[in-house]
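A short write-up of the structure that comes next.
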Amino acid sequence: MDFLQLTAPQAAAQLLGNLLISETPEGRVCGRIVEVEAYTQDDPASHTFKGHTARNNSMFQQAGTAYVYFTYGMHYCINIVTDKEGTGSGVLIRAVEPVEGIEIMWRRRYKEDMPATTARQRLLNLTNGPGKVAQAFGITREDDGVNLLDTSGIIRLESDSTTEAWRLFNTTRIGISQAKDVLWRWHTDSPYVSKTRP
DNA sequence: AATGCGATGGTCT
DNA sequence: GACCATCGCATTT
């Protein structure tokens, strides 16, 4: 994960394929990162654009720190902080592909036990968006500021050695009103990618 | 398929 | 008081 020392747009695509893990009393959940977006301090779409505040403090910490923010009154989203300490930048995890703990994700997302037979759309809907990933992994404001590279952490990042090939796509970011034309979103050809078109 | 909108609360002006 | 790095549901094509 040495590439996390790079700027967010340089590091972002290298996060694809790596694993996000959550180990709470409910159990272990693991997902492969399939969609990311970069945000930097001089980027009008970034929470850090207007400077260092209490809310965005984590984004200025060392690379590998989690920046978890609350938005629209109900959703959490997680970023992986990149670049040098003191620089407000990070990579938003927009989607993961479930690898382990699907039953736990299901319970967190739908507030019910996972049935024996499931529709494909219900499975994709578990983690095909940033707010959904946070909910499926049980990520909340409690996790803001933790070191994702700490191997004993509850929420953590793990590099994956399996050499799996996927197609790489590079598009504009989703859901922003500033810097709409900047190509800082990257995703694989996974069906768990939130939106095919920007 | 695509579009529209309400929910709901923290953050900043 | 306005604005959100969203989601789910309703309505229209």
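Heavy-atom basis, side chains included; hydrogens, waters and symmetry copies ignored. Within every chain, numbering begins at 1; the chains are lettered A, B, ... in the order of the sequence lines, protein sequences first and strands thereafter.
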Looking at [X], does any N or O in its side chain come under 4.0 Å of the phosphate oxygens OP1/OP2 on [N]?
| X | N | value |
| --- | --- | --- |
| A:H47 | C:dA5 | yes |
| A:T53 | B:dT11 | no |
| A:R185 | C:dA5 | no |
| A:K132 | C:dG8 | yes |

Any strand: nucleotide that pairs with B:dT11 via Watson-Crick or wobble, under 3.5 Å: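 Answer to the pairing question: C:dA2, which forms a Watson-Crick or G-U pair with B:dT11.
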Proximal nucleotide (of C:dG8, B:dA7, B:dC12) relative to the A:R55 side chain: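 It is B:dC12.
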Proximity to the side chain of A:N79 - top-ranked nucleotide from C:dA5, B:dG9, B:dT13: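 For A:N79, the side-chain atoms sit closest to C:dA5.
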Quick one: [X] [atom1] to [N] [atom2], roughly how many Å, whole number?
| X | N | atom1 | atom2 | result |
| --- | --- | --- | --- | --- |
| A:Y72 | B:dT8 | OH | P | 16 Å |
| A:Q178 | C:dC3 | CD | C1' | 11 Å |
| A:M74 | C:dC9 | CE | P | 12 Å |

Cationic tip of A:R32 above A:Y192 ring, under 6.0 Å, 45° of axis: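 A:R32 over A:Y192 ring: no.
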Touch class at under 4.0 angstrom, heavy-atom based, for A:N125 against every strand present: sugar-phosphate
Geometric class of the A:H47/A:Y67 ring pair [parallel <30°, tilted 30-60°, perpendicular >60°]: perpendicular
